[in-house]
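Have a look at the structure below, then the notes.
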Amino acid sequence: MRMTNLYMPTLREVPSEAEIPSHQLLMRAGMIRKLVSGVYSYLPLGHRVLKKVEQIVREEMDASGSQEVLMSAIQPAELWQETSRWEDFGPEMFRLKDRSERQFCLGPTHEEIFTDLIRYEVNSYKQLPMNLYQIQTKYRDEKRPRFGLIRSREFLMKDAYSFDQDEAGMLNSYQEMWDAYDRIFTRLGMKYRVVEGDAGAMGNGDSHEFTAMCEVGESNVAYCDACDFAATDEKAETIVPIPQQDAEEKALEKVDTPDVGTIEDLEKFFGFSADRFMKTLLYIAKDRVVAACIPGHREINETKLLNALGIAEHDMEMADAETVKRVTNAEVGFAGPIGLDKDVEVLVDSRVLKMKNFVIGANETDKHYINANYGRDFEGRVIDDLLTVRVGDACPKCGAPLVMDRGIEVGNIFQLGTKYSKPLNATYLDQNGKEQLIWMGSYGVGVSRSVAAVIEQNHDEFGIVWPAVVAPFHVVVTPINVKNDDQRELAEKLYEDLKNAGVEVVLDDRKERPGVKFKDAELIGFPIRVAVGRGAAENKVEYVLRRDVKNKEEIAAEEVVARVKEELRAQGLNL
RNA sequence: CGGGGUGUAGCGCAGUUUGGUAGCGCAUCUGGUUUGGGACCAGAGGGCCGCGGGUUCAAAUCCUGCCACCCCGACCA
């Protein structure tokens with residue numbers, strides 16, 4: 001490709017809307033443009049990268065035995081109503097109606113649609129196991145699209161669904177997908193971790209997330225250096241030590257605590273540390289109010305609370321001040337489990353049961369109880385764990401202190417069990433002629449998100465540093481001065497030679513000064529640059545790797561093709 | 001959805017306080033010089049100043065309603 005024919009509008013300045021490196025660089029390198037919030041167009045360079053990531057995913061899925069299909073993005077409401085996810089999925093679903101008012105959505109995921117595809121025609125155990133996948137555009141009306149391709153409302157995803165006879169089969173399929181994902185992200189050159197995840201709206205079995213580690217990531221993962229434990233902060237089980245407690249239960253007593261509403265205030269007021277208090281957090285969950293009681297020195301984990309309540313995220317929010325006043329008869333800051341409005345369900349983190357003689361809100365402005373004790377003074381539904389993990393917490397597996405890091409969730413795998421086959425009645429006849437539910441799994445890779453993740457892990461002050469396997473082109477040939485016949489002719493020759501050798505090469509034939517060409521080449525991130533300049537008359541050119549741009553090597557023109565092929569092979573390309 | 005902010009040329013911004021010819025840098029076009037790290041000179045094109053109402057002789061500027069976009073918080077591939 002000649003650069004004069006390539007639509008790659010690069011920008012010198014950073015668009016003000018772009019906050020993180022991948023978004024800024026994708027915009028500046030002329031790879032994407034925003035259409036509306038959370039919706040992007042892919043220009044030629046960006047499209048080539050997207051296709052390459054897609055192809056790596058496709059190859060590894062095919063290698064795993066999964067079969068590619070293509071489903072519509074438009075899905076009828078009826079299928080979603082069968083699993084009751086039409087309501088459960090909530091406002092994130094893009095919904096639309098046809099001319100006769102029939103309801104549809106733009107698919108945010110395809111469990112229902114794939115299950116429907118196989119439910120009438122997979123009838124026998126002989127047809128199982130089966131695994132189908134597609135690489136297709138997904139739609140989610142995110143509350144807050146952000147960070148360019150990382151959180152967009154339209155995105156390219158590979159989604160796969162496995163169908164098995166029983167749990168053992170499902171676990172086997174799950175492992176196969178895990179292995180395939182390891183191969184995919186390894187080929188993409190990613191630094192990633194596989195972490196236990198919370199299944200959320202997808203299912204209720206185990207799930208794992210493949211997280212590309214980087215500073216701007218939106219997921220927090222907790223992991224252990226001493227063993228293989230790793231989980232998202234939503235999922236990670238917390239081990240929370242409760243300090244030595246009083247031996248005897250003391251008498252409950254109401255005390256004045258003027259203007260002492262927060263845990264910090266309480267610590268100052270009583271001179272106790274935060275672990276001597278119990279917080280009572282009020283939430284509105286599907287039109288009712290719930291109270292979550294947790295040790296005062298820890299933070300709640302709303303995902304765990306949602307799971308305990310069995311509701312979806314969009315059905316719960318922190319209670320507003322008005323609601324707090326109504327159920328506690330007090331200003332915000334004095335909520336406690338004693339004397340709360342009787343319709344409020346009280347959930348208690350199990351660690352509270354180990355605490356003795358602690359301080360709680362009295363549901364009366366400027367009053368707290370001291371010496372409160374669970375069981376004697378109040379009760380509630382005890383939940384094992386409602387807390388958010390912290391750096392330094394004991395690893396639930398081995399007890400070593402946990403470490404936390406950020407990352408981008410680029411893939412996930414879910415054990416679905418019969419969550420979808422049951423409501424959709426996807427069954428088969430086993431060897432005994434008995435009808436059985438199909439056991440399912442679902443498996444996602446964020447293809448467009450992976451493009452952004454690769455950039456987050458591979459860039460420098462000058463631009464993108466593409467791994468060759470996903471680079472839009474492998475090589476840029478840069479004649480320094482296109483008016484110089486020697487340079488122009490040698491550059492043209494190298495361009496042809498490289499093309500003939502199967503290398504994806506761009507000839508920067510623009511009438512620009514060298515600085516402009518170098519800046520653009522580094523911004524776009526071609527893995528290899530061959531500059532044809534003053535050495536052209538002697539058949540000498542400059543050979544530079546993007547990942548080591550300061551290191552310039554002068555080589556003979558005859559060596560170029562061999563050197564390029566050698567480098568690209570070393571980076572995992574078949575040439 | 002709550003809080004904050006911004007909408008002026010393709011990109012980055014000034015101008016709005018105090019109403020009076022719509023500007024600057026980059027990019028683009030023409031001509032010339034230049035050619036190893038985002039050149040220089042001369043000239044040129046490009047604007048529903050987010051949209052609708054209102055006030056005024058006069059609105060980018062004041063009032064008002066709406067919309068879009070961005071950031072922070074809670075959710076996901």
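Reminder, nothing fancy here: chain letters follow the sequence lines and each chain counts from 1.
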- prompt: With sugar-phosphate meaning primed atoms plus P, OP1 and OP2, does E317(A) contact a base, only sugar-phosphate, or nothing at under 4.0 Å between heavy atoms?
  reply: nothing
> When we call it a touch if two heavy atoms are under 4.0 Å apart, what does Q487(A) touch: a base, just sugar-phosphate, or nothing?
Replying inline: nothing
For this session: Using the P atom as the reference point in each nucleotide, state the distance between A68(B) and G52(B) in Å, no decimals.
Result: 16 Å
The nucleotide from U35(B), C76(B), C11(B) with an atom nearest the side chain of R449(A) is C76(B)
pair_partner(C40(B)), Watson-Crick or wobble, both distances < 3.5 Å, evaluates to G32(B)
Of the candidates C11(B), C71(B), G36(B), the side chain of F518(A) sits closest to G36(B)
**Message:** Once you apply a heavy-atom cut-off of 4.0 Å, does K34(A) come out as touching a base, just sugar-phosphate, or nothing?
**Reply:** sugar-phosphate
Scanning all shown strands, the Watson-Crick or wobble mate of G52(B) with both distances under 3.5 Å is U64(B)
Worksheet item: NA contact type, D520(A), heavy-atom cut-off 4.0 Å: base, sugar-phosphate, or nothing?
Response: base
For this session: Describe the nucleic acid contact of E522(A) in one word from base, sugar-phosphate, nothing, applying a heavy-atom distance below 4.0 Å.
Result: base
When rounded to the nearest 0.5 Å, the distance separating OH of Y443(A) from OH of Y174(A) is 8.0 Å
Under a 3.5 Å limit on both distances, the Watson-Crick or wobble mate of C69(B) is G5(B)
Please classify the nucleic acid contact of K511(A) as base, sugar-phosphate, or nothing, using heavy-atom distances under 4.0 Å. nothing
> Judged by atom type as modelled, is there a donor-acceptor pair below 3.5 Å linking the side chain of D393(A) to the main-chain atoms of R390(A)?
Replying inline: yes
Exercise for review: For residues H47(A) and Y7(A), establish whether the separation of their ring centroids is below 6.0 Å.
Suggested key: no
Quiz item: So, do M93(A) and W86(A) sit near enough that their side-chain heavy atoms are less than 4.5 Å apart?
Solution: yes
- Using a 4.0 Å heavy-atom cut-off across all strands, classify V516(A) as base, sugar-phosphate, or nothing. base
In Watson-Crick or G-U wobble terms, with both distances under 3.5 Å, the base opposite C75(B) is none
Please report the distance separating the C1' of G73(B) from the corresponding atom of C29(B), rounded so that it comes out in whole Å. 48 Å
With sugar-phosphate taken as primed atoms, P, OP1 and OP2 and all else as base, the protein-contact string of nucleotides 27-32 of chain B at under 4.0 Å (heavy atoms; B, S, -) is S-----
### Query
Under 4.0 angstrom, heavy atoms only, what part of the nucleic acid is S152(A) near: base, sugar-phosphate, or nothing?
base
Item to complete: Tell me what V14(A) touches on the nucleic acid: a base, only sugar-phosphate, or nothing, going by heavy atoms under 4.0 Å.
Response: sugar-phosphate
Side-chain donor or acceptor of R529(A) paired with backbone N/O of E542(A) under 3.5 Å: no
**Asked** Is the aromatic ring of F155(A) within stacking range of A77(B), meaning centres under 5.5 angstrom and planes under 30 degrees?
**Response** yes
As its Watson-Crick or G-U partner within any shown strand, both distances under 3.5 Å, G10(B) has C26(B)
Query raised in the report: Can you check whether R513(A) has a side-chain N or O nearer than 4.0 Å to OP1 or OP2 of A39(B)?
Result: yes
### Message
Students often get this wrong, so: under 4.0 angstrom with heavy atoms, is E409(A) touching a base, only sugar-phosphate, or nothing?
### Response
base
Would you tell me if any nitrogen or oxygen in the side chain of S16(A) comes within less than 4.0 Å of OP1 or OP2 on C70(B)?
no
For L156(A), answer base if it contacts any base atom (sugar-phosphate contacts may also be present), sugar-phosphate if it contacts only those atoms, and nothing otherwise; contact means non-hydrogen atoms under 4.0 Å. nothing
inquiry  = Does A77(B) have OP1 or OP2 under 4.0 Å away from a side-chain N or O of R153(A)?
reply    = no
- Output yes when R488(A) and D485(A) qualify as a salt bridge under the 4.0 Å nitrogen-oxygen rule, no when they do not. yes
Against the side chain of N481(A), the closest entry in U35(B), G37(B), C70(B) is U35(B)
Exercise. Give one of base, sugar-phosphate or nothing for R33(A), where a contact means two heavy atoms less than 4.0 Å apart.
Key: nothing
Looking only at side-chain N and O atoms, does D159(A) offer a donor or acceptor that is under 3.5 Å from a partner on Q134(A)? yes
